Amino acid sequence: MRRDLCDGVGIARLLNATLVLPKFEVAAYWNESSGFADVFDVDYFIQQMNGFIKVVKELPSDISSKEPFHVDCSKRKGQFDYIESVLPSLLEHHYISITPAMSQRRDRYPQYAKASLCQACYSALRLTKSLEKKASELLEAIPKPFLSLHLRFEPDMVAYSQCEYPDLSSVSMEAIEAARGDRKPWTGEVAQIWRKRGKCPLTPNETAFILKVLSIPTSTNIYLAAGDGLMEIEGLTSVYTNVFTKSSLLSGEDFKSMHGNTKAALDYYVSINSDSYIATYFGNMDKMVAAMRAFNGLYKTLFLSRRAFAEFTFQGLRGKELMNALWKAHRDDFAMGRGSALPDCFCEFKL
């Protein structure tokens, strides 16, 4: 959602449009109703965007009763699509909504639109004071130094990936089946191709194996940046015993009443301020955390290679052979923290 908002800022600048503070559509993830103001400091955001784009909290009364004209920009590429295809709809209807995951080629923006997007992403979006206080409390409670590990192995994530995991517990398999819906796992040769392309989330056990390959001590303090419902977590905690979570470090009714959005914001805050950050996936949070860490000069960031793990295990590598191959696959990135230098990150200067 943070990424989509920053995209929206860039596109609003391209179109010389006013941005209305968005409503979060999160029911599909956490079945909740938290909004922009529950996570971000609204007045600060509007103030920081002044001179870049105009932002309003509510719609003007003359159009507040209308439904926005919906424009599907999910497959648009580059600035000219927005100007040639979207601007006419804005001029005609005066009020439009745009599909999330709008911009795929931010590098093609003119400099003024890039500057607006970067200002939103790196300077204007800060947590509410109460949420930042809770995040600071969490950060302070984690034993130092520590590694923030973003582990993605929840039932909905595995169901969405359409990957096969034959060796999971019956409890995990039941949770995955309940989350599948119409998505069925790939089977046979197609499943092998899918896994070799790096599409399958690493299990906690596989994650622990790669961490050991990288010679990360089993006594390392690890903060688990993850949502509720992680499966097979014993595969990690049986090897790395100093694992901490939000629920193990925070208590009180104010934490128990927090929504999924605000809990995810805690993970984001801790991850961008951790001594090191490792992600088992390459999702939106991973990209945003890595970019922010690079922006702040924190280069101990690494993405574990699901593709390399799949390829080597399909080749039949086991034990020492597998460990050596995985070390070589991660060596350069691990030594340089290359995961922090995203190829499409053009916000190289502070605004």
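Keep in mind it's a predicted model, so treat the numbers as computed, not measured.
- Considering every non-hydrogen atom in both Gly198 and Arg306, the closest pair reads O-NH1, 2.6 Å.
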Original post:
Can you check disulfide (SG to SG under 2.5 Å) on Cys163 and Cys200, steps first, answer last?
Top reply: CA-CA 6 Å; Cys163 294; Cys200 299; 2.1 Å; yes
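- Judged by distance alone, the side chain of Arg293 and the main-chain N or O of Ser274 form a donor-acceptor pair under 3.5 Å.
- Side-chain contact check for Phe36 versus Leu125: some heavy-atom pair is nearer than 4.5 Å.
- Using a distance-only test at 3.5 Å, with no hydrogens or angles considered, a donor-acceptor pair links the side chain of Gln119 to the main chain of Gln48.
- Minimum heavy-atom separation, Ser219 to Asn242: O-ND2, 2.8 Å.
- Although no hydrogens or angles enter the test, the distance criterion places no donor-acceptor pair under 3.5 Å between the side chain of Asp275 and the main chain of Pro145.
- A donor-acceptor pair is defined here as one N or O able to donate and one able to accept, closer than 3.5 Å; such a pair exists between the side chain of Arg307 and the backbone of Arg197.
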Subject >> From CA spacing to verdict: salt bridge (charged side-chain N to carboxylate O under 4.0 Å, His left out), Asp267, Lys246 >> reply: CA-CA 8 Å; Asp267 286 339; Lys246 296 181 290 295; 3.0 Å; yes
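- Linking ILVMFWY residues whenever their side-chain heavy atoms come closer than 4.5 Å, directly or via other members, places Met231 and Phe309 in the same cluster.
- Nearest approach of Lys134 to Met258, heavy atoms of both residues: CG-SD, 4.3 Å.
- Take Phe146 and apply the ring-ring contact (aromatic ring centres under 6.0 Å, His included) test, not counting sequence neighbours, and it matches no residue.
- Scored by the ring-ring contact (aromatic ring centres under 6.0 Å, His included) test, Phe312 finds no partners at all (sequence neighbours excluded).
- Ring planes of Tyr109 and Tyr82: perpendicular class, angle over 60° (limits at 30 and 60°).
- Classification of Lys129 and Glu132 as a salt-bridged pair fails, no side-chain N sitting under 4.0 Å from a carboxylate O.
- Between Ser169 and Ser172, some side-chain heavy-atom pair lies under the 4.5 Å cut-off.
- Within the 4.5 Å cutoff, the side chain of Leu151 has heavy atoms near those of the Ile233 side chain.
- Listed here is the closest heavy atom pair of Ala141 and Leu249: O-CD2, 4.0 Å.
- Side chains of Glu164 and Thr187: a donor-acceptor N/O pair is absent below 3.5 angstrom, by distance only.
- The backbone N or O of Gly283 lies less than 3.5 Å from a partner atom in the side chain of Asp286, making a donor-acceptor pair.
- A continuous path of Ile, Leu, Val, Met, Phe, Trp and Tyr side chains, each step under 4.5 Å between heavy atoms, connects Leu21 with Leu131, placing both in one hydrophobic cluster.
- Ion pairing between Lys57 and Asp43 holds under the 4.0 Å rule for side-chain N and carboxylate O.
- Annotation: Lys144, atom NZ; neighbour count of heavy atoms from other residues, nucleotides and ligands within 6.0 Å is above 12.
- Between the side chain of Gln162 and the backbone N or O of Lys184 there is at least one donor-acceptor pair closer than 3.5 Å.
- Hydrophobic clustering places Phe45 together with Ile53 (ILVMFWY residues linked when any side-chain heavy atoms are closer than 4.5 Å, directly or through intermediates).
- Taking a 4.5 Å side-chain heavy-atom cut-off between Ile, Leu, Val, Met, Phe, Trp and Tyr, the cluster of Val20 extends to Val56, Leu59, Ile63, Tyr95.
- Here the side chains of Ile278 and Leu147 are in contact, with some heavy-atom distance below 4.5 Å.
- Panel note: side chain Ser116, backbone Tyr112; a donor-acceptor pair is recorded below 3.5 Å.
- Between the Tyr240 side chain and the Lys212 main chain, a donor and an acceptor come within less than 3.5 Å of each other.
- Side-chain atoms of His150 do not come within 3.5 Å of backbone N or O of Thr280 as any donor-acceptor pair.
- Cation-pi geometry between Lys300 and Tyr277 is not met: the NZ or CZ atom fails to fall both under 6.0 Å from the ring centre and inside 45° of the normal.
- When side chains are defined from C-beta on, Val9 does not count as touching Phe52, because their heavy atoms never get closer than 4.5 Å.
- There is no path of hydrophobic side-chain contacts, each under 4.5 Å, that joins Ile272 to Tyr44.
- Inter-residue side-chain proximity for Thr18 and Val55 is flagged as unmet; no heavy-atom pair is nearer than 4.5 Å.
- Contact of the Ser64 side chain with the Glu58 side chain is not registered, since no non-hydrogen atoms from C-beta on lie closer than 4.5 Å.
- Nearest heavy-atom pair across Ala113 and Arg13 is CA-CG, 4.0 Å.
- Residues Cys121 and Phe295 fail the side-chain proximity criterion, which asks for heavy atoms closer than 4.5 Å.
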